[in-house]
Amino acid sequence: APAAVPPKLLTLVIPFIGGQLLLGKKLRGFGEGYFNGFGGKVELGETIEASARRELLEEAGVTATAMQHCGLLHFHFDDKPQPWEVHVFRVSVFEGQPVTTDEMAPIWFQPDQVPFDKMWADDIHWYPLFLAGKAFVGSFHFKDTHTLVEHTLQEAAAA
Ligand SMILES: Nc1nc(SCCc2ccccc2)c2[nH]cnc2n1
């Protein structure tokens, strides 16, 4: 059987405080004009949780002081050989004030105003579980970066 390609490990960190979500608006480069939580690649030698904290600090300028791992999302793309494994974290307390960088502008959203049309196509499916404070596991099959073909999603035991 062909050797499986190990998944690319990524973090996705979303502050959810006072009933509002903090998302980053990409100001340039890949995904310009799109909104997402904060995150990126897990580097060699760092834990997934440390990577999540680092990305939030680098991208939004705030330090997570209360954060829980709440979701595990698997992605495979017809146009990429390597699948992605995205670890989702909910931040309920952070220190500092969110800052705008040349890459990213932090913006607070009411849950019913999340701009799903300017986000990854899978987000609309699992955000309701995130907002309900649930833990969840999902698998998403993409044709390409913008085209979601099929998915499975289930609530998980409390993280
Ligand atoms: N919301 C969302 N995020 C990602 S990558 C998350 C990790 C990341 C990577 C780079 C910048 C910021 C965040 C996704 N991949 C496929 N669907 C997806 N949905």
Side-chain angles (χ1 to χ4, degrees), residues 5-16 20-44 46-64 67-91 94 98-109 111-154 156 159:
V5 177
K8 187 188 181 104
L9 282 184
L10 295 161
T11 59
L12 179 58
V13 188
I14 307 171
F16 186 28
Q20 303 229 10
L21 290 157
L22 186 69
L23 299 177
K25 181 179 184 178
K26 200 73 175 22
L27 299 177
R28 58 198 280 202
F30 173 75
E32 180 178 341
Y34 270 61
F35 294 82
N36 203 351
F38 306 94
K41 282 194 320 228
V42 177
E43 304 297 348
L44 282 178
E46 71 177 348
T47 65
I48 293 173
E49 180 162 344
S51 174
R53 276 201 166 77
R54 173 180 56 75
E55 291 287 357
L56 182 66
L57 182 56
E58 284 175 6
E59 293 183 355
V62 297
T63 300
M67 178 170 82
Q68 61 182 170
H69 183 279
C70 62
L72 176 60
L73 303 172
H74 289 103
F75 299 98
H76 68 274
F77 306 88
D78 291 344
D79 63 350
K80 291 182 187 29
Q82 188 174 24
W84 295 4
E85 180 178 296
V86 179
H87 291 262
V88 185
F89 291 84
R90 186 185 298 112
V91 172
F94 63 60
V99 296
T100 297
T101 67
D102 57 344
E103 296 264 336
M104 187 85 77
I107 300 173
W108 288 102
F109 288 93
D112 60 356
Q113 292 170 335
V114 174
F116 288 115
D117 56 321
K118 299 297 279 176
M119 295 168 74
W120 280 87
D122 53 287
D123 292 16
I124 196 165
H125 296 292
W126 55 265
Y127 262 66
L129 291 173
F130 175 90
L131 295 168
K134 308 286 185 187
F136 50 91
V137 179
S139 285
F140 298 83
H141 169 204
F142 277 82
K143 181 167 175 288
D144 53 47
T145 304
H146 296 288
T147 317
L148 179 62
V149 175
E150 63 194 340
H151 75 279
T152 62
L153 180 62
Q154 51 190 353

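Each ligand, and each atom within it, is numbered from 1 in the order the structure gives.
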- Query: Any idea which atoms of ligand 1 are less than 4.0 Å away from a heavy-atom of Asp122?
  - Reply: 16 (C), 17 (N), 18 (C), 19 (N)
- Under 4.0 Å between heavy atoms, the region of Thr11 that gets near ligand 1 turns out to be backbone
- Note on the structure: ligand 1 to Trp84, heavy atom cutoff 4.0 Å, flagged ligand atoms 15 (N)
- Nearest heavy atom to atom 14 (C) of ligand 1: which of Phe142, Tyr34, Trp120 does it belong to? Trp120
- How many angstroms lie between atom CG of Asp117 and atom CZ of Phe35, to the nearest 0.5 angstrom? 9.0 Å
- Query: Considering only heavy atoms from C-beta outward, does the side chain of Phe89 approach that of Leu56 to under 4.5 Å?
  - Reply: no
- Query: So which heavy atom in the protein is nearest atom 9 (C) of ligand 1, and how far is it from that ligand atom?
  - Reply: Gly40 CA, 3.9 Å
- atom 12 (C) of ligand 1 [closest protein heavy-atom partner, distance rounded to 0.1 Å]: Gly39 O, 3.5 Å
- Task: Check each atom of ligand 1 against the heavy atoms of Phe75 and keep those under 4.0 Å away; list them by number with element.
- Result: 15 (N), 16 (C), 17 (N), 18 (C)
- Task: Pull out every atom of ligand 1 sitting under 4.0 Å from any heavy atom of Leu12, numbered as shown with elements.
- Result: 1 (N), 2 (C), 3 (N)
- Under the salt bridge (Lys or Arg N to Asp or Glu O under 4.0 Å) rule, what pairs show up with a residue in residues 25-44, not counting sequence neighbours? Lys26-Glu103, Arg28-Asp102
- Task: Around atom 19 (N) of ligand 1, find the nearest protein heavy atom and jot down its residue, atom name and distance.
- Result: Asp123 OD1, 3.0 Å
- Task: May I have all residue pairs that pass salt bridge (Lys or Arg N to Asp or Glu O under 4.0 Å) and include part of residues 129-144, sequence neighbours excluded?
- Result: Lys134-Glu155
- Test item: Arg90 side-chain N/O and Phe130 main-chain N/O as donor-acceptor pair under 3.5 Å: yes
- Quick one: which ligand 1 atoms are inside 4.0 Å of a heavy atom on Asn36? 1 (N), 2 (C), 3 (N), 4 (C), 12 (C), 13 (C)
- Task: Without swapping roles, check the side chain of Arg53 against the backbone of Ala64 for a donor-acceptor pair under 3.5 Å.
- Result: yes
- Output for pair (Phe75 CZ, His141 NE2), nearest 0.5 Å, gives 13.0 Å
